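Keep in mind the model is a prediction, meaning the values are calculated, not measured.
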Amino acid sequence: FGAGLDAPLSTIDFECVEARSAALGVDATVEVTPLTHPEVRSRAVARGDVATRSMRAMCGTLQDREPPLGAGGVAIAWSGERVDVWQEVSAAGWGHTSTTERLAGDAFATALASVPGADLLVAVDVVSREPVGCAGLTVRDEVATLLAMATVPGARRRGVHARLIEHRLRRARAEGCGIATSTVEPGGRSERNLLRSGFTPWFDITVLTRGSDARHG
C-alpha cells in the first residue's frame with residue numbers, strides 16, 4: 001500500500017506482488033493514481049499489465065453538517081462479530097460467484113476485520129432481520145474511510161446504501177473526524193449516493209492487472 005509514490009516500483013517490488021497474489025490465487029494488480037510515479041505505469045505495462053478497471057476517489061467534509069437521514073425499515077445490526085456473514089452478504093451484493101472473486105473478497109474482509117479502528121457493518125431488514133447490505137469503515141487520524149458497500153439484489157432501491165452511508169458518517173463525526181473518503185465505480189449507484197451526501201469527486205484510479213499471457217521479466 002502506498003508504494004510507487006516517491007520512486008517507481010522495482011523489479012523486486014513487482015515480483016513480490018505477483019508472488020503474493022499467486023499464493024492467494026488472485027490476479028496481481030497495481031493501482032495507479034495521479035500521485036503515482038509515472039514510471040510505475042510504464043513498467044507495469046512493459047511487464048504485461050493491462051488496464052482492467054477504473055475507480056474514483058471521493059471526498060467529503062463532515063464539519064458543521066449532518067448527513068441526511070437514511071431509509072426507514074433498515075437498521076445496522078452489528079459490526080464485526082460475524083465475518084462469515086459479512087462475506088456472504090458482500091459476495092451476494094457484488095455478484096461474486098467465481099472462485100477468484102470469492103477468494104479476494106473473503107481475504108479482504110478477514111484483513112479489514114483485523115485492522116485497528118476498522119468495522120465491518122451489516123444492514124438488516126427491521127422486520128425479517130435478514131441481512132440486506134454491508135459496508136466497511138475505518139477511522140485514522142481524524143479521517144474516515146467508507147468502503148466495501150454493497151446491497152443484496154432483492155433489497156435494492158430501498159435506501160440501504162443511504163442508511164449505510166448515514167450510519168458511518170454519524171459514527172465518523174462522533175469520533176472526531178472532519179474528512180471522509182471513499183472509492184466508487186464511476187457513474188455507479190454508490191457515487192450517486194455519495195454525491196447526495198455531500199461528497200465530491202477527488203481523483204480517478206486506474207487498475208492494472210497482469211495479463212494471462214504476460215511473461216515475467
**Request:** Please lay out, stage by stage, how Arg47 and Arg210 fare under the test side chain to side chain contact (heavy atoms under 4.5 Å, CB included).
**Result:** CA-CA 8 Å; Arg47 293 179 65 83; Arg210 171 52 49 95; 3.2 Å; yes
**Complete:** Distance col, row Ile165:CD1 vs Ser197:OG, nearest 0.5 angstrom, shows 4.5 Å
**Fill in**
Looking only at heavy atoms, the pair that brings Glu191 and Pro201 closest together is OE2-CG, 4.4 Å
What side-chain donor-acceptor pairs closer than 3.5 Å can you find for residues 143-151, not counting sequence neighbours?
residue: Thr145; atom: OG1; partner: Thr181; partner atom: OG1; Å: 3.4
residue: Thr151; atom: OG1; partner: His161; partner atom: NE2; Å: 3.4

**Complete:** Minimal heavy-atom distance between Val83 and Ala113, with the atoms involved, is CG2-CB, 3.8 Å
**Message:** Within a 6.0 Å radius of atom CZ on Arg140, are there more than 12 heavy atoms belonging to other residues, nucleotides or ligands?
**Reply:** no
**Item:** Val160 to Ala155 - nearest heavy-atom pair and separation
**Value:** CG2-O, 3.7 Å
**Asked** Of all heavy-atom pairs between Leu164 and Cys134, which one has the smallest distance, and what is that distance?
**Response** CD1-O, 3.5 Å
**Asked** Could you go step by step and tell me if Arg43 and Asp49 meet the salt bridge (charged side-chain N to carboxylate O under 4.0 Å, His left out) rule?
**Response** CA-CA 9 Å; Arg43 292 187 183 186; Asp49 291 4; over 6 Å; no
**Message:** Tell me whether Arg129 contacts the main-chain N or O of Val124 through its side chain, where contact means a donor paired with an acceptor under 3.5 Å.
**Reply:** no
**Item:** Min side-chain heavy-atom separation Arg171-Asp119 under 4.5 Å
**Value:** yes
**Message:** Is there a side-chain contact between Leu103 and Leu24 in this structure, where contact means two heavy atoms from C-beta onward sitting under 4.5 Å apart?
**Reply:** no
**Asked** Can you find a heavy atom in the side chain of Leu35 that is under 4.5 Å from one in the side chain of Phe203?
**Response** no
**Asked** Do side-chain atoms of Arg53 reach the backbone of Thr206 as a donor and acceptor pair under 3.5 angstrom?
**Response** no
**Request:** Check whether Trp202 and Leu194 end up in the same hydrophobic cluster, where Ile, Leu, Val, Met, Phe, Trp and Tyr are linked by side-chain heavy atoms less than 4.5 Å apart.
**Result:** no
**Prompt:** Which heavy atom of Thr183 sits nearest a heavy atom of Met55, and at what distance?
**Reply:** CG2-CB, 3.7 Å
**Asked** Without hydrogens or angle criteria, can the side chains of Ser42 and Glu39 be said to hold a donor-acceptor pair below 3.5 Å?
**Response** no
**Message:** Is any side-chain heavy atom of Ile179 closer than 4.5 Å to one of Cys59?
**Reply:** yes
**Message:** Can you confirm whether Glu88 sits close enough to Arg102 that some side-chain heavy atom of one is under 4.5 Å from a side-chain heavy atom of the other?
**Reply:** yes
**Message:** Quick one: does any side-chain atom of Gln87 pair with a main-chain N or O of Asp106 as donor and acceptor, under 3.5 Å?
**Reply:** yes
**Item:** Donor-acceptor contact present, side-chain Glu166 to main-chain Ala162, <3.5 Å
**Value:** no
**Request:** Give the cluster check for Leu121 versus Val184: same hydrophobic cluster or not, with ILVMFWY residues linked at side-chain heavy-atom distances below 4.5 Å.
**Result:** yes
**Message:** Can a donor-acceptor pair be found, under 3.5 Å and without considering hydrogens, that links the side chain of Thr36 to the backbone of Thr33?
**Reply:** yes
Side-chain donor-acceptor contacts of residues 2-10 below 3.5 Å, not counting sequence neighbours, with atom names and distances?
residue: Ser10; atom: OG; partner: Ile12; partner atom: N; Å: 3.4
residue: Ser10; atom: OG; partner: Asp13; partner atom: N; Å: 3.1
residue: Ser10; atom: OG; partner: Asp13; partner atom: OD2; Å: 3.1

**Min side-chain heavy-atom separation Trp86-Arg82 under 4.5 Å** = no
**Prompt:** Is there a side-chain contact between Thr52 and Leu208 (heavy atoms, below 4.5 Å)?
**Reply:** no
**Request:** Answer yes or no: is there a donor N or O on one side and an acceptor on the other, between the side chain of Arg56 and the main chain of Ser182, under 3.5 Å?
**Result:** no
**Prompt:** Minimum heavy-atom separation for Ala109 to Leu120, with atom names?
**Reply:** O-CD1, 3.7 Å
**Complete:** Between the CG atom in Asp27 and the OG atom in Ser21, the distance rounded to the nearest 0.5 Å is 8.0 Å
**Message:** When you compare the side chain of Met58 with that of Leu195, does any pair of heavy atoms fall below 4.5 Å?
**Reply:** yes
**Request:** Show the numbers, then the answer: is there a side chain to side chain contact (heavy atoms under 4.5 Å, CB included) between Arg156 and Val132?
**Result:** CA-CA 8 Å; Arg156 288 172 184 164; Val132 292; over 6 Å; no
